There are 2 protein chains.
Amino acid sequence: MNPDSPKGRAPSIRDVARLAEVSHQTVSRVLNDHPSIRPETRDRVLAAMETLQYRPNRAARALVTSRSHTIGVLASTSTEYGPATSIAAIEDAAREHGYYVNTANIADASPEGIADALEHLMLQAIEGLVVIAPQVRVFEVLAGAPVGVPFVSLQSTGRSDHLALSVDQVTGARRATQHLINLGHREIVHLAGPQDWIEAEARMRGFLDAIGDAELDLHPPILGDWSADFGYFAGRELLRHRDFTAVFAANDQMAIGLMHAFRDGGLDVPGDVSVVGFDDIPVAQHVWPPLTTVYQDYRESGRRAVALLLNQLHGEQVLEVEQIVPRLVVRGSTAEAPVRHPVARA
Amino acid sequence: MNPDSPKGRAPSIRDVARLAEVSHQTVSRVLNDHPSIRPETRDRVLAAMETLQYRPNRAARALVTSRSHTIGVLASTSTEYGPATSIAAIEDAAREHGYYVNTANIADASPEGIADALEHLMLQAIEGLVVIAPQVRVFEVLAGAPVGVPFVSLQSTGRSDHLALSVDQVTGARRATQHLINLGHREIVHLAGPQDWIEAEARMRGFLDAIGDAELDLHPPILGDWSADFGYFAGRELLRHRDFTAVFAANDQMAIGLMHAFRDGGLDVPGDVSVVGFDDIPVAQHVWPPLTTVYQDYRESGRRAVALLLNQLHGEQVLEVEQIVPRLVVRGSTAEAPVRHPVARA
DNA sequence: GACGTCGATGTGCACGTTCACATCGAAGGT
DNA sequence: ACCTTCGATGTGAACGTGCACATCGACGTC
């Protein structure tokens, strides 16, 4: 339909050049903000682009510069509140810097599933990688099959082959536990996340540290799967013994399921049992009782991950990241330990 | 390090060809599963690829075929449970078909924000688009600046310029409302979503339909923003009049906030007021009381959207999609209407 | 006024892949 | 035994862009 682009194909810089009566190279310079272009020429070129509805061909550009302007995100449970929020923030930040984001979800936790997702990203020729799927195994796979691009982990892994944000989960968990101890609780159970998750392991560590510092007896932690359903299930199990006065759950969903089970079992939260969660998901303050939890800024994590990665990509000095320490948010699900052990009431 | 790839660049098909002692074209044929290749030759080529750690260059391929193998996702609140789940499903399904997914989040609801996100995707040369940000305005922008690629909406829009999944939100909302009516409720309030959202509007319609059918008085709906915080706020407002016995909230988060406010105000759910939500988010069954809601399969929606889009891309006959009708899930937050009006109790 | 400098622009090639067409030998029909 | 057909492979060009280098005129310097 447009006489200036004879073929059916999209207009190229050469078509623009012809219309603006310059060389294709001049058009290229306009595109790349080259300094020595006469304003008049630039305007003519821009006008021609407008007329032809020209759009640069990203593939051609990527081919010649061998830069894809794409960063990969390797996620495992992008459905959960935390990861979803971080991913959204990563996308926003990346777009702001002219980058594209390609996400691959790890289907199952198997090495094959991880390798598949990674392979998908590598075929895409990503320039950098953000790992937001913090199973330990993911880093083993990454170490085994080096990706060849800089990558950043959203969790501190203790490894040195990549950068990691320092969201200090350990301290967060420690504070949550400490809060319970300060309230007089002595029998505290930890409902942990899957221990092959970096985050779950860190939260467990914080819990153990606090228990150790206070020289309390250690109840064997329960290993969960992050889901509210599991929290409910774990709560039913715990009800059979009732040898505790507080539970620290590794995330809010499990905490909510837990409270559900306790209510069903006739235990009052926080009267008989205190419960602390982790994450501060948006509904946490609206459930009953409002959940005491640890707030973590997932958006900020996502933003920082991108900043860190782009810094590294552009060869700039990698800024030292200050630790993000999650904040304890005290609400209604925690109270002073009951004077008598709840088992006495049962 | 590798003597076969003299330069520092990644190996190309020509490098592979040299090593396998064939022409570059033969290598290309192996890559594209061309039928007439002698098995022996194919093996030699594959071995060479393995040795060189060859990876096809996507940019070069995209350049010559003018096919990016990328589909775009235009999302607005990718953080919410529903969209996040659908996006994850879209990515999985796309990957399964060898496609890449590029997501752009709409920063704000302004036409500029929408256009920005869209422009970002267009620069990426996407082959198709899934719209999961169902504000009415998005479709206006899309109609104004035609994208030039087929696109699919996750919500029925009633427009004919694109395909849309038929998740029958209207029927879902109608059933939720009908459920309340069946329980004897006559004074039902709708806590709606933002009316520039397709989904919110459909749920509102379902609500109005049911109220109209039963010839009940219409309480003016409250327009919310999907958040639990708003639900709480709306609940506080509603408490000032108490001229209702049931609320149908347009999503679960608002329903949960609402129940929080009612509890604070001394109203019992479901004794004094029944509450119904929409979406069946994972915690819905674990809050107190367990939330009666409408289940919607977001993963399935995502999968179908991809199937629909790819069908269209490959020029195949576009299959008629059967309607997905969301399912009412009755739990503890609804009960028979109180014999006396709650206002009398206050 | 000859010469170097520099701003503004043009020319040709390279990037890695696929496509259209060419080549070559073996199998098969008459 | 000759021609056709087809399987297996090779050759050269093209895709749209950016880079290195060339060109050309204007300006200032000695």
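Bear in mind the structure is a predicted one, so any value in this text is a computation, not a measurement. Each chain gets a letter, A, B and so on, in the order its sequence line appears, and its residues count up from 1.
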Ring centres under 6.0 angstrom apart (B/Tyr99, B/His69): yes
Sugar-phosphate only, base, or nothing, as touched by A/Ser66 at under 4.0 Å among non-hydrogen atoms: nothing
Looking at [Y] and [X], is there a salt bridge between them, counting it only when a charged N and a carboxylate O are closer than 4.0 Å?
| X | Y | result |
| --- | --- | --- |
| A/Arg44 | A/Glu21 | no |
| B/Glu300 | B/Arg304 | yes |
| A/Arg299 | A/Asp92 | yes |
| B/Arg55 | A/Glu119 | yes |

Under 4.0 Å between a side-chain N/O of [X] and OP1 or OP2 of [N], yes or no?
| X | N | answer |
| --- | --- | --- |
| A/Ser36 | C/dC6 | no |
| B/Ser28 | C/dT18 | yes |
| B/Asn32 | C/dT18 | yes |
| A/Thr65 | D/dT17 | no |

Which of these nucleotides, [options], is closest to any side-chain atom of [X]?
| X | options | result |
| --- | --- | --- |
| A/Ile13 | C/dT18, D/dT17, D/dG10 | D/dT17 |
| A/Ser23 | C/dC15, C/dT11, D/dA14 | C/dT11 |
| A/Gln25 | C/dT11, D/dA8, C/dT18 | C/dT11 |

Heavy-atom pair with the smallest gap, counting every atom of B/Pro11 and B/Tyr54: O-CD1, 3.4 Å
Donor-acceptor pair (no angle test) under 3.5 Å: B/Arg38 side chain, D/dT9 base: no
Please report, rounded to the nearest Å, how far the [atom2] atom of [N] is from the [atom1] atom of [X].
| X | N | atom1 | atom2 | value |
| --- | --- | --- | --- | --- |
| A/Leu63 | D/dG16 | CG | P | 12 Å |
| B/Arg14 | C/dA14 | CZ | C1' | 11 Å |
| B/Arg58 | D/dC15 | CZ | C1' | 16 Å |
| B/Arg61 | D/dT17 | CZ | C1' | 20 Å |
| B/Asn57 | D/dT17 | CG | C1' | 14 Å |
| B/Arg18 | C/dT17 | CZ | C1' | 15 Å |
| B/Glu21 | D/dA8 | CD | C1' | 17 Å |
| B/Asp15 | C/dT17 | CG | C1' | 13 Å |

Residue whose nearest DNA chain D nucleotide is more 5′ - A/Pro56 or B/His34: B/His34
First encountered from the 5' end of DNA chain D, between A/Arg29 and A/Ser12: A/Ser12
DNA chain C: 5'-proximal contact among A/His24 and A/Pro39 (nearest heavy atom): A/Pro39
Nearest-nucleotide 5' precedence on DNA chain C, B/Leu31 against A/Ala60: A/Ala60
